[in-house]
Amino acid sequence: MTGKPISRLRWRRVARNLALAAFVVIASAALIVAIHGRNWMARAIATAPNAGKAFAPAPGDDPSSSQCHDIGVDAHLRVNLGDPDPVSLSLYLVEPKGPPRGTVLVLHGIRSDKLWFIGQAQRVAAEGYRVVLPDLRGHGRSSGEWLSYGVREANDLRRLLDDLDHRGLVAGRVGVVGTSYGAAIAIQLAGIDPRVRAVVAVAPFSSLHAVVPDYARHYLPGVAALIPDAFLSAGVAQAGQLGTFDPNAASPLLAIARTTANVLLIHGQADANIPPSHSVVLSVAAPDHTRLILVPGDDHFSIVSDRSAAISRDGMAWLHRWLDTEEPAAATRP
C-alpha cells in the first residue's frame with residue numbers, strides 16, 4: 001500500500017509548527033535558567049557567611065584574657081545591639097602603650113573576619129590609637145543572616161560607637177581603616193556619623209549596583225559579556241528583597257558626598273575584582289575632602305601586603321593629620 005505524497009505546503013506547515021515548538025521549548029528553558037540563575041545570584045550576593053548560625057548573647061563564648069594575650073589583643077567583647085535591628089557583634093580591642101590619642105575602627109573585607117586583621121590593628125595601635133576590631137554583621141563571631149553592603153552594617157557600627165562611648169572606650173577623635181567591603185562600609189559610616197573624622201579606604205567599591213557587573217566580568221570572563229545588564233540589575237534588586245534592604249542605599253558614592261570626614265582612597269591599578277575606577281569616581285564626587293593614591297602593579301589582594309607602604313606610611317600620616325589632638329586622651333581599659 002502506497003500513501004499519497006505530502007504536499008510542499010503541508011511540509012511548510014509541519015516545519016513551521018516544529019520550529020515554533022522548538023522555540024517554545026528553548027525559550028521556556030532559557031526562562032527557567034534565567035530565573036534560577038537570578039535566584040542563585042541574589043542569594044550569593046545577600047547570604048551572610050554566618051547564615052543559620054546562632055551566637056549566644058552572653059559573653060560566655062569569648063576568649064579568656066590569656067587567649068587574648070596569645071593572639072595579641074587586649075580584650076574580646078561581645079556587644080549586643082537591640083531593637084529595631086538586633087545584632088550581636090564580636091570585637092577585639094587593641095590598646096596603645098600609652099594614653100590613646102584617638103580611636104580607630106579596623107574593618108575587614110567580605111567573607112573575612114577580624115582575625116585576619118589583627119596585624120593591621122596592632123600597627124595602628126603602635127601609632128598611639130585605641131583600635132576597635134569588629135566582626136561585621138554575619139561574619140566571624142557576629143550574628144546575621146544577610147549582607148547589606150553597608151546599609152545595616154554602617155548603622156551597626158554607629159550603634160557600636162554609642163555603646164563603647166557609654167563604656168568610656170571611645171578616646172579622642174574617631175577614624176576608620178577599612179579594606180574592600182570594609183572600606184565601603186567605612187565611608188558609609190562616615191556618611192551617617194559625624195564622629196568619624198578620618199577614613200583610610202583600601203580598594204572600596206563605589207556602589208553595589210556598580211560593583212556587581214565588575215565582579216561578574218572578573219569571575220565569569222567571556223560569559224559575563226553575554227549577560228544583559230538588566231539581568232544583573234534584577235539580581236541585585238532580588239538580593240535586596242532577600243536581605244530586606246535597599247540596594248540603591250548601598251552606596252559609598254552617596255555617602256562620601258554627605259560626609260565631612262577626610263577620606264584617603266588607596267587602590268591597586270591592577271585590581272580586577274574592584275577596578276580602580278571605583279575609587280576615582282569616589283574622589284571626583286568629593287574632591288575637597290579626599291585624596292586618591294593609585295598603586296601601580298597591585299591587585300585586589302596584593303594591595304593588602306602594602307609593598308608600596310601606601311597604607312602604613314600614607315594611611316598612618318592621614319590618621320595623624322586628622323585625628324591627633326594636642327593632648328592624648330586618658331587611658332581607659334575595659
Side-chain angles (χ1 to χ4, degrees), residues 45 105-110 112 120 149-151 153-154 175-192 196-221 224-225 227 229 232-233 236 247-319 321-322:
I45 291 171
L105 280 69
V106 172
L107 306 182
H108 60 77
I110 195 166
S112 180
Q120 187 177 82
Y149 296 81
V151 179
E153 292 81 0
V176 192
V177 178
T179 300
S180 189
Y181 183 74
I185 291 170
I187 296 170
Q188 291 175 83
L189 172 61
I192 62 172
V196 177
R197 304 292 292 275
V199 173
V200 178
V202 182
F205 60 80
S206 56
S207 72
L208 178 57
H209 274 291
V211 77
V212 166
D214 288 327
Y215 252 74
R217 281 190 287 269
H218 177 64
Y219 286 106
L220 298 171
I227 303 175
D229 289 344
L232 296 175
S233 182
V236 172
N248 295 317
S251 175
L253 187 60
L254 294 177
I256 205 166
R258 286 195 305 262
T259 185
T260 57
N262 296 282
V263 181
L264 176 63
L265 300 156
I266 302 173
H267 218 118
Q269 287 186 328
D271 192 335
N273 295 64
I274 301 178
S277 56
H278 285 263
S279 281
V280 172
V281 167
L282 288 167
S283 67
V284 170
D288 59 327
H289 56 272
T290 62
R291 180 189 170 201
L292 173 63
I293 298 176
L294 296 178
V295 182
D298 268 346
D299 60 26
H300 196 68
F301 302 101
S302 67
I303 191 76
V304 181
S305 68
D306 200 29
R307 62 183 180 82
S308 70
I311 301 172
S312 58
R313 182 190 62 231
D314 299 294
M316 292 306 102
W318 192 259
L319 294 180
R321 178 180 178 184
W322 300 111

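Residues take their numbers from the sequence shown, with the count starting at 1. Just so it is clear, the model here is predicted, and its values are computed rather than measured.
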Contact between [X] and [Y] at the side-chain level, heavy atoms closer than 4.5 Å - yes or no?
X: His278; Y: Asp271; answer: no
X: Gln120; Y: Ile311; answer: yes
X: Trp318; Y: Val263; answer: no
X: Leu189; Y: Leu105; answer: yes
X: Val151; Y: Leu208; answer: no
X: Asp214; Y: Ile274; answer: no
X: Tyr149; Y: Ile110; answer: yes

Please check if the side chain of [X] supplies one atom and the backbone of [Y] the other of a donor-acceptor pair under 3.5 Å.
X: His267; Y: Val280; result: no
X: Asn273; Y: His300; result: no
X: Asp306; Y: Ala310; result: yes
X: Ser279; Y: Leu265; result: no

Supply the atom-to-atom distance [X] [atom1] to [Y] [atom2], rounded to the nearest 0.5 angstrom.
X: Ser206; Y: Ile256; atom1: OG; atom2: CD1; value: 10.0 Å
X: His108; Y: Thr179; atom1: NE2; atom2: OG1; value: 10.5 Å
X: Thr290; Y: Ile187; atom1: OG1; atom2: CD1; value: 9.5 Å
X: Ile293; Y: Gln269; atom1: CD1; atom2: CD; value: 12.0 Å
X: Arg197; Y: Thr259; atom1: CZ; atom2: OG1; value: 10.0 Å
X: Ser251; Y: Phe205; atom1: OG; atom2: CZ; value: 8.5 Å

I need the minimum non-hydrogen distance between [X] and [Y], along with the two atoms involved.
X: Leu292; Y: Ser283; result: CD2-OG, 3.8 Å
X: Gly178; Y: Ala183; result: O-CB, 3.3 Å
X: Gly182; Y: Leu107; result: O-CD1, 3.5 Å
X: Ala190; Y: Val196; result: CB-CG1, 3.9 Å
X: Leu264; Y: Gly315; result: CD2-CA, 3.7 Å
X: Ala198; Y: Ala261; result: N-CB, 4.2 Å

Exercise. With side-chain contact (heavy atoms from CB on, under 4.5 Å) as the test, would you mind laying out the steps for Arg291 and Asp314 before giving the verdict?
Key: CA-CA 10 Å; Arg291 180 189 170 201; Asp314 299 294; 3.9 Å; yes
Quiz prompt | Residue Asn248 excluded, over 12 heavy atoms near CG under 6.0 Å | solution =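 Yes, enclosed.
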